[in-house]
Amino acid sequence: MKLVFASNNQNKIKEIQSILNGSIQLLSLEEIGCFEEIEETADTIEGNAILKANYVTEKYGYDCFADDSGLEVTALNGEPGVYSARYAGKQRNADDNMNKLLDALKDKSDRSAQFKTVIILNIKGEQHLFTGIVKGNITFEKTGNQGFGYDPIFQPENYSETFAQLPLEIKNKIGHRGKATQQLIDFLNSTK
């Protein structure tokens with residue numbers, strides 16, 4: 001089966017491909033000739049995933065899925081949430097985002113947070129939603145060099161390492177994107 005993954009984020013594509021393990025052939029936006037940036041203008045994570053999936057289906061006619069993820073920090077009333085990628089500005093710099101978050105938490109004792117991924121699948125004229133959540137805490141400093149985004153400061157529950165220290169196989173198994181992607185795979189397998 002071929003499906004378009006509505007992303008040009010190479011880190012996300014690599015992570016999703018490793019979870020899919022060859023069960024679905026992924027096509028990136030670039031591979032279908034979509035080079036424009038799909039605006040993420042919704043005010044929810046779900047809304048942004050819907051925008052991206054619908055854009056590809058409506059403009060290019062492909063069955064596809066799109067995801068959006070966010071880090072929701074309890075002490076910051078769920079921030080950065082839908083604005084996670086551009087928390088410190090339009091430059092979308094991971095270090096700037098982490099520095100701003102660590103600074104915002106410097107006087108907070110509650111460091112609990114969760115990563116949330118929503119995947120929207122447009123297939124055969126229907127839309128399906130899958131959500132993956134992983135709970136954890138924000139560390140006091142960046143640790144590790146694997147992964148991307150906020151991985152160096154997110155420590156999942158029951159682990160002493162950050163996402164940036166864990167092997168990709170473990171992150172995919174316990175992580176938000178892995179959980180949502182597994183739901184997608186299970187759904188696709190059930191409709192074969």
Non-hydrogen atoms of Ile13 and Leu26 that approach each other most closely: O-CD1, 4.4 Å

Grouping I, L, V, M, F, W and Y whenever their side-chain heavy atoms are under 4.5 Å apart, do Ile45 and Val134 come out in a common cluster? no

Could you check whether any side-chain heavy atom of Glu40 comes within less than 4.5 Å of a side-chain heavy atom of Lys52, counting everything from C-beta outward? yes

Charged N to carboxylate O under 4.0 angstrom, Asp103 versus Lys106? yes

Classify the side-chain pair Ser18/Asn172 by whether it contains a donor and acceptor separated by less than 3.5 Å. yes

Can you tell me how far apart CG (Asn93) and NZ (Lys100) are? Round to the nearest 0.5 Å. 13.0 Å

Look only at the side chain of Arg111 and the backbone of Ile138, and say whether a donor-acceptor pair between them is shorter than 3.5 Å. yes

Between Asp63 and Lys124, is there a salt bridge with N-O shorter than 4.0 Å? no

If I compare all heavy atoms of Ala66 with all of Ala49, which pair ends up nearest, and what's the gap? CB-O, 3.5 Å

Taking the side chain as C-beta and beyond, is there a heavy-atom pair between Val118 and Phe130 under 4.5 Å? no

Distance col, row Glu157:CD vs Lys135:NZ, nearest 0.5 angstrom, shows 7.0 Å

Student check: side-chain heavy atoms of Leu166 and Ile174 closer than 4.5 Å: yes

Both conditions, 6.0 Å and 45 degrees, for the charged tip of Lys173 above the ring of Tyr159: are they met here? no

Heavy-atom distance under 4.5 Å between the side chains of Cys64 and Phe5, does that happen here? no

Just verifying a value: how many Å separate Gln17 CD and Gln10 CD, rounded to the nearest 0.5 Å? 8.5 Å

Which ILVMFWY residues are connected to Leu51, directly or by a chain of links, through side-chain heavy atoms under 4.5 Å apart? none

List, by chain and number, the other hydrophobic cluster members for Tyr60, where Ile, Leu, Val, Met, Phe, Trp and Tyr join if side-chain heavy atoms come within less than 4.5 Å, directly or indirectly. Val4, Leu27, Leu29, Ile32, Ile38, Tyr55, Val56, Tyr62

Could you pull out the closest heavy-atom pair between Ala180 and Gly132, with the gap in Å? CB-N, 3.6 Å

So if you build clusters from Ile, Leu, Val, Met, Phe, Trp, Tyr with side-chain heavy-atom gaps below 4.5 Å, do Leu129 and Ile123 land together? no

Is the backbone N or O of Tyr150 less than 3.5 Å from a side-chain atom of Asn97, with the two atoms forming a donor-acceptor pair by type? no

Starting at NZ of Lys179, measure out to OG1 of Thr131 and round the result to the nearest 0.5 Å. 12.0 Å

Quick check on the hydrophobic clustering: are Leu76 and Leu71 connected, directly or via other members, by side-chain heavy-atom contacts under 4.5 Å? yes

Does any non-hydrogen side-chain atom of Leu188 lie less than 4.5 Å from one of Ile24? yes

What closest approach, in Å, do Pro152 and Thr139 show between heavy atoms, and which atom pair accounts for it? O-OG1, 3.8 Å

Taking the side chain as every heavy atom from C-beta outward, state whether Thr162 and Ile153 have any pair of such atoms under 4.5 Å apart. no

Side-chain contact test, heavy atoms from C-beta onward, threshold under 4.5 Å: evaluate it for Ile19 versus Ile185 and give yes or no. yes

Step by step, work out the side-chain contact (heavy atoms from CB on, under 4.5 Å) result for Thr117 and Ile119. CA-CA 7 Å; Thr117 290; Ile119 291 177; 4.1 Å; yes

Do Phe65 and Thr181 have side-chain heavy atoms sitting under 4.5 Å apart? no

Below 4.0 angstrom, N of the basic side chain to O of the carboxylate: do Asp68 and Lys116 qualify? no

Tightest non-hydrogen contact, residues Gly144 and Gln165, listed as CA-CG, 3.7 Å

Give a yes or no on whether Phe187 and Ile16 share a hydrophobic cluster (residues Ile, Leu, Val, Met, Phe, Trp, Tyr; joining criterion: side-chain heavy atoms under 4.5 Å apart). yes

Can you check side-chain contact (heavy atoms from CB on, under 4.5 Å) on Asp67 and Arg177, steps first, answer last? CA-CA 9 Å; Asp67 81 322; Arg177 192 169 291 108; 3.2 Å; yes

Going by an N to O cut-off under 4.0 Å, is there a salt bridge joining Glu36 and Lys59? yes

For a quick test of reading the model, state the closest non-hydrogen atom pair linking Leu168 to Glu15 and the distance between them. CD1-CG, 4.1 Å

Run the side-chain hydrogen bond (donor to acceptor under 3.5 Å, both in side chains) test on Asn122 and Asn54 for me, step by step, so that the C-alpha distance in whole Å, both residues' side-chain angles and the decisive distance to 0.1 Å come before the verdict. CA-CA 7 Å; Asn122 285 349; Asn54 287 351; 3.0 Å; yes

Exceeds 12 heavy-atom contacts within 6.0 angstrom, atom CD of Glu141: no

Nearest 0.5 Å, what's the CD-OG distance between Glu72 and Ser84? 7.5 Å

In the single-linkage hydrophobic clustering (I, L, V, M, F, W, Y; side-chain heavy atoms under 4.5 Å), do Tyr87 and Val82 co-cluster? no

Output all residues satisfying ring pair (Phe, Tyr, Trp, His ring centres under 6.0 Å) with Phe154, sequence neighbours left out; order by chain, then residue number. Phe115, Phe163

Begin with the C-alpha distance, continue with both residues' side-chain angles, and end with the deciding distance and a verdict on side-chain contact (heavy atoms from CB on, under 4.5 Å) for Asp151 and Lys171. CA-CA 10 Å; Asp151 288 356; Lys171 182 186 172 194; 2.6 Å; yes

Met98 and its side-chain contact (heavy atoms from CB on, under 4.5 Å) partner, picked from Asp95, Leu101, Asp96: Asp95

Please check if the number of heavy atoms outside Lys142 that lie under 6.0 Å from its NZ is greater than 12. yes

Go through the side-chain N and O atoms of Ser112 and Asp110 and say whether any donor and acceptor fall under 3.5 Å apart. yes

Roughly how far apart are Ile120 CD1 and Gln127 CD, rounded to 0.5 Å? 5.0 Å

